[in-house]
Number of protein chains: 4
Amino acid sequence: MKTTSLSKGTSRLEERRRAQQGRTAHGDERRQELIQTAYRLIAEKGVGGLRTRDVAALVGINTATLHYYFPTKEHLLQAVAQQLGYAFTTSPAPGTSAGDGANTPSEQMEAYFASLAYQLRTTPERFVVMNELFFAASRDERLAGALEVDTHWQAYLNSILEEGVKQGSFRSDLNVEQTALTIIAFCKGLPLLQSQPDSLDKIITSFKNWFFSMTATAIEKRTSSRHKRE
Amino acid sequence: MKTTSLSKGTSRLEERRRAQQGRTAHGDERRQELIQTAYRLIAEKGVGGLRTRDVAALVGINTATLHYYFPTKEHLLQAVAQQLGYAFTTSPAPGTSAGDGANTPSEQMEAYFASLAYQLRTTPERFVVMNELFFAASRDERLAGALEVDTHWQAYLNSILEEGVKQGSFRSDLNVEQTALTIIAFCKGLPLLQSQPDSLDKIITSFKNWFFSMTATAIEKRTSSRHKRE
Amino acid sequence: MKTTSLSKGTSRLEERRRAQQGRTAHGDERRQELIQTAYRLIAEKGVGGLRTRDVAALVGINTATLHYYFPTKEHLLQAVAQQLGYAFTTSPAPGTSAGDGANTPSEQMEAYFASLAYQLRTTPERFVVMNELFFAASRDERLAGALEVDTHWQAYLNSILEEGVKQGSFRSDLNVEQTALTIIAFCKGLPLLQSQPDSLDKIITSFKNWFFSMTATAIEKRTSSRHKRE
Amino acid sequence: MKTTSLSKGTSRLEERRRAQQGRTAHGDERRQELIQTAYRLIAEKGVGGLRTRDVAALVGINTATLHYYFPTKEHLLQAVAQQLGYAFTTSPAPGTSAGDGANTPSEQMEAYFASLAYQLRTTPERFVVMNELFFAASRDERLAGALEVDTHWQAYLNSILEEGVKQGSFRSDLNVEQTALTIIAFCKGLPLLQSQPDSLDKIITSFKNWFFSMTATAIEKRTSSRHKRE
DNA sequence: TATGAATGAGTGTTCATTCAT
DNA sequence: CATGAATGAACACTCATTCAT
């Protein structure tokens with residue numbers, strides 16, 4: 001784990017203090033516990049509603065102890081943001097193998113949308129937390145640094161799309177970046193919909209069809225085959 | 001600092017009505033001023049960063065006076081939410097006539113996307129505030145009640161799409177609701193993208209093409225005609 | 001009373017807030033009460049031992065109310081420092097008329113030393129507080145700005161000494177500034193002595209004799225006349 | 001950063017002694033290191049600004065380890081105070097031989113003032129720390145016990161002055177105690193002056209002249225001889 | 001309408017100190 | 001000897017809200 005230290009006002013004394021702080025197995029566990037709890041609370045009450053007291057209380061430690069692990073609320077937030085960045089493209093729907101290089105890009109995208117639907121059903125808070133952190137980051141540079149969800153996300157989609165273009169399963173004139181961003185925008189907006197979670201599945205399917213019909217080399221074929229499933 | 005506005009202009013009729021309810025014209029101005037200022041501050045600092053003190057100070061009144069107009073911070077928030085709901089579908093790009101029944105549904109949607117791009121360029125805070133309020137609403141029922149953006153929004157898109165289906169310019173088997181929601185999801189996610197605002201235009205164009213190619217009765221024609229412009 | 005506002009990190013919003021704060025008679029009384037109480041507590045526990053809680057409690061108000069009058073602990077400290085600066089040369093021993101232009105400079109200095117002895121006996125905390133604030137100021141520029149004791153003090157002594165030189169009661173080659181600073185140094189060091197307060201009188205007398213014997217035009221005459229009193 | 005030192009150098013004999021008491025040479029070094037560091041930090045941030053954490057960090061040990069050597073912050077403070085007491089009269093200006101019984105008392109006093117000026121120039125923090133500790137001591141009896149600067153100081157001056165009176169170089173009716181205290185008061189007040197350190201030299205010279213003109217058996221002679229130098 | 005004054009309930013953070021290992 | 005972990009008790013400061021005037 002990269003040491004998150006992008007704070008600015010730290011004196012040399014402060015630095016020296018922290019540098020000496022060793023890492024134990026127990027300590028890292030606590031760290032994780034705190035991050036997880038903060039994550040859960042952000043999902044519940046939002047970043048603005050997050051209280052260090054609550055995090056500490058839920059973990060069962062003193063507030064001061066929390067500050068032993070995270071000198072500042074923001075450091076905690078950064079840790080949450082950082083972990084979220086990694087978590088976002090690494091947990092595909094079970095049974096599918098999104099991310100595996102074994103499949104064709106088309107199948108990968110298919111799996112990706114399936115995974116998206118799955119995650120929206122099982123861990124919708126992940127999207128909530130991401131958006132919460134994103135908003136917080138837009139007002140705090142230091143948080144923005146730690147929150148690289150989009151970077152990872154876009155890179156992931158880019159690689160699939162490019163591969164698809166190369167292999168001929170996607171249109172050769174496909175603008176990879178724009179497509180990736182369009183998908184991300186859609187994904188980010190999805191959990192912001194004030195509609196029942198049940199309808200999300202359908203909307204994803206609908207969007208998926210749009211995607212395939214627009215990117216597929218042979219538009220007609222894919223579109224028609226999709227329509228049957230819908 | 002550009003003055004962002006979501007006011008709609010109180011007619012004289014309205015003034016008279018309010019006056020009979022014990023509300024003076026001056027009082028309503030103050031009310032509006034406060035709402036506007038709150039709106040601006042939410043755009044800047046987020047709902048969580050909104051301070052009644054700041055709102056009052058910017059308007060030039062005492063904090064206590066603010067509470068005369070809005071007994072609670074939440075009442076103020078509700079007022080902002082309410083106005084936002086109306087404002088969202090009523091300010092098309094200048095020169096276009098989105099919303100006018102005079103045009104064909106296809107042209108209306110075309111205008112809609114143009115308006116979207118225009119608004120994202122000129123008043124991006126509106127989307128920020130909307131999302132901010134949405135998050136706040138997800139934790140506060142009373143706010144949720146006041147924030148009916150989605151309702152208005154979806155109704156607006158539904159009406160266009162349905163008319164389009166009726167007139168034959170959109171596919172007859174088009175699932176109007178799903179399509180509307182897909183568009184809304186995309187729109188909501190757009191301002192959450194961590195990319196340069198310049199690229200938003202392109203992404204919108206890209207999405208617009210998807211939309212038309214999927215909904216148009218004659219796919220081939222529209223798609224090809226689009227591609228030329230792009 | 002000059003408005004003490006030499007803070008740096010205040011946003012425009014903050015400024016606007018404070019600017020609107022009017023001054024009432026009642027408010028100014030409270031202000032004074034708080035300053036006095038802070039002064040007393042500094043005398044007791046030192047600047048480092050000053051707690052806003054204690055100040056508020058002694059005055060009988062909520063801690064938050066204290067912050068209504070003084071946005072920061074330091075603003076309170078500044079107010080104390082400022083008042084101390086004025087108070088230091090304006091309260092002569094009763095019965096004497098130090099500061100009056102009616103007397104000769106020699107008599108004024110005589111009265112000054114008498115006043116010094118008197119003040120050390122009656123309000124020794126004043127010196128303690130002054131030194132406390134001085135130390136605090138040496139680590140805080142903003143405090144230093146408000147604490148102009150030395151400036152006032154030196155100006156006061158300078159004027160007397162200069163007048164004395166002009167009138168011929170003090171040596172014509174007297175270095176006024178050095179003499180003033182020597183006296184101030186002595187005065188500042190006095191309350192730092194770990195000896196019984198009773199002996200302070202004698203030491204002051206001793207120092208006074210030094211002063212007069214060194215500054216008097218006719219050394220022999222004054223010295224001998226002094227010795228009789230001692 | 002210039003290394004300020006108030007250590008005195010532990011002899012081997014001392015080491016052996018301590019070792020028998022359960023104190024190792026290494027332990028004593030650490031002890032000294034901690035005291036020195038505390039001393040330096042007091043000079044920088046004042047007694048109130050001293051943090052055990054900082055002391056430990058600068059020495060390179062854990063805070064808990066510091067408490068092994070000094071069970072309480074106050075014990076550490078006491079140790080600093082104690083060492084300061086000794087250090088205050090034992091480091092004369094190099095080249096002079098203040099403290100040596102070989103010279104006449106007048107020369108000793110001359111050397112003393114020279115040393116004072118020298119110390120104020122080279123190690124002004126010593127005076128700062130002394131005053132800091134003095135203030136702290138005035139609120140803490142235990143510290144006061146350890147801080148016997150004045151006792152040592154006065155004893156030192158007394159011995160010189162008494163010897164001078166005996167030898168006839170100082171006035172026979174000189175009140176030794178009062179004179180010593182006057183000098184100490186002046187010395188203590190000196191570093192509290194808000195003036196440029198350059199002017200301190202002149203003020204000391206000025207005061208020295210006062211001293212000699214008042215104490216010398218033949219006033220006229222010394223005074224005139226002084227004036228030439230000034 | 002408007003305000004100065006006042007407040008309760010937090011809010012993140014600090015710090016000397018303790019203790020098992 | 002040394003340390004990582006933990007904590008109680010503060011601490012300055014914030015903020016929405018209330019109320020007499």
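Letters A, B, ... mirror the listed sequences (proteins, then strands); counts begin at 1.
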Q) Can you name the nearest heavy-atom pair linking Leu133(B) to Ala81(B), along with the distance? A) CD1-CA, 3.7 Å
(Q) I want to check something: taking the side chain as every heavy atom from C-beta on, are Phe135(A) and Val128(B) in contact at a cut-off of under 4.5 Å? (A) yes
**Q.** Whole-Å distance separating the CD atom of Glu29(C) from the C1' atom of dG4(E)
**A.** 14 Å
Q. Is the closest side-chain heavy-atom distance between Thr63(C) and Val55(C) below 4.5 Å?
A. no
Q: Write down the distance between CG (Asp140(A)) and C1' (dG12(E)), rounded to a whole number of angstrom.
A: 15 Å
Q | Separation of dA16(E) P from Lys73(D) NZ (nearest whole Å) | A | 5 Å
Q. Which residue pairs pass the side-chain hydrogen bond (donor to acceptor under 3.5 Å, both in side chains) test with at least one member in residues 34-47 of chain A, sequence neighbours excluded?
A. Tyr39(A)-Glu125(A)
Q. Hey, does the side chain of Tyr68(A) come within less than 4.0 Å of dA5(F)'s phosphate (OP1/OP2), counting only N and O?
A. yes
Q.
Among residues 39-61 of chain A, which ones have heavy-atom contacts with DNA chain F below 4.0 Å?
A. Ile61(A)
Give me the distances for all protein-to-nucleotides 18-20 of chain F N/O pairs that come in under 3.5 Å?
none

Q. What is the distance, rounded to the nearest whole Å, between atom CG of Asp28(C) and atom C1' of dA5(E)?
A. 13 Å
Q. Do Ile61(A) and Leu34(A) come within less than 4.5 Å of each other through their side chains, counting heavy atoms only?
A. yes
Q: Kindly indicate whether the side chain of Ile42(A), heavy atoms from C-beta on, has any atom under 4.5 Å from the side chain of Leu77(A).
A: yes
(Q) Judged by each residue's nearest nucleotide on DNA chain F, which is more toward the 5′ side, Phe70(C) or Glu74(B)? (A) Phe70(C)
Q. Nearest-Å distance, CG (Leu76(A)) to C1' (dT13(E))?
A. 14 Å
Q: With sequence neighbours left out, write down each residue that passes salt bridge (charged side-chain N to carboxylate O under 4.0 Å, His left out) with Arg139(A), or none if nothing qualifies.
A: Glu132(B)
Q) Distance check: side-chain N/O of Thr65(C) vs OP1/OP2 of dA5(E), anything under 4.0 Å? A) no
Q: Note down the inter-axis angle between the two ends of the helix from dA2(E)-dT21(F) to dT21(E)-dA2(F), five pairs each, to the nearest 10°.
A: 20°
Q: Mark yes or no: Arg30(A) above the aromatic ring of Tyr68(A), with NZ or CZ under 6.0 Å from the six-membered ring centre and no more than 45 degrees from the axis.
A: no
(Q) Taking 4.0 Å as the cut-off, does a side-chain nitrogen or oxygen of Tyr69(D) come that near to OP1 or OP2 on dC1(F)? (A) no
**Q.** Atom-to-atom span, CG of Leu66(B) to P of dA2(E) - whole angstrom
**A.** 11 Å
Donor-acceptor pairs under 3.5 Å, side chain of residues 47-54 of chain C to any protein atom, not counting sequence neighbours: which ones?
residue  : atom : partner  : partner atom : Å
Arg51(C) : NH1  : Gly48(C) : O            : 3.4
Arg51(C) : NH2  : Gly48(C) : O            : 3.4

(Q) Any non-hydrogen side-chain atom of Leu76(D) less than 4.5 Å from a side-chain atom of Lys73(D)? (A) no
Q.
Is Arg30(B) close enough to dA2(E) that one of its side-chain N or O atoms is under 4.0 Å from OP1 or OP2 there?
A. yes
Q. Could you state the interatomic distance from NE2 (His67(D)) to CZ (Phe70(D)), rounded to the nearest 0.5 Å?
A. 11.0 Å
